[in-house]
Amino acid sequence: TPTLGDLRMGRVVVDVMPKPEILDPQGKAMAGALARLGFAEVGGARQGKRFELEVEGDVTPEVLERAREAARTLLANPVIEDVVSVTDADAAGA
């Protein structure tokens, strides 16, 4: 985990994706481009968002829960998006 002086910093990664019923024009364009480039095995694609949050100290279960709350409150639009994961970046090897 990176440090800033004597302060230990952790990183939380939040992944957000459009809800399955929401049209995803970027994903559709990406899938078409991949097919044209010869990636025939790709049958579809969806584009989402990734957020990296730096937090003071270690990433504890409590920090992850607060990050989930932040994701639901601000990082994702609950009408059209789902928060699909909230993880400790260093534990996940990100």
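Heavy atoms only: backbone and side chains are in, while hydrogens, waters and symmetry mates are out.
Of the possible polar contacts, one joining the N77 side chain to the V79 backbone as a donor-acceptor pair under 3.5 Å is found.
Looking at every heavy atom in both residues, P18 comes nearest to G48 through CD-CA, 4.3 Å. The two residues F51 and V16 have their closest heavy-atom pair at CE1-CG2, 3.9 Å.
Qualifying side chain to side chain contact (heavy atoms under 4.5 Å, CB included) partners for V59, counting only residues two or more places apart in sequence or in other chains: V12, V55, V63, L64, D88. Under the rule for a salt bridge (Lys or Arg N to Asp or Glu O under 4.0 Å), D15 has no partner lying at least two apart in sequence or in another chain.
The shortest side-chain heavy-atom distance between M17 and E81 does not fall under the 4.5 Å cut-off.
Atom CZ of R68 sits in a crowded spot, with more than 12 heavy atoms from other residues, nucleotides or ligands closer than 6.0 Å.
Ion pairing between E54 and R11 fails under the 4.0 Å rule for side-chain N and carboxylate O.
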Atom pairs and distances, side-chain donor-acceptor, residues 23-41, under 3.5 Å, sequence neighbours left out:
{"residue": "D24", "atom": "OD1", "partner": "G27", "partner atom": "N", "Å": "3.1"}
{"residue": "D24", "atom": "OD2", "partner": "Q47", "partner atom": "N", "Å": "2.7"}
{"residue": "R36", "atom": "NH1", "partner": "G32", "partner atom": "O", "Å": "3.2"}

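With values rounded to the nearest 0.5 angstrom, R72 atom CZ is found 12.0 Å from D82 atom CG. To the nearest 0.5 angstrom, K19 atom NZ is 9.5 Å from I80 atom CD1.
The cluster map of Ile, Leu, Val, Met, Phe, Trp and Tyr, joined by side-chain heavy atoms under 4.5 Å apart, puts V83 and V13 in different clusters.
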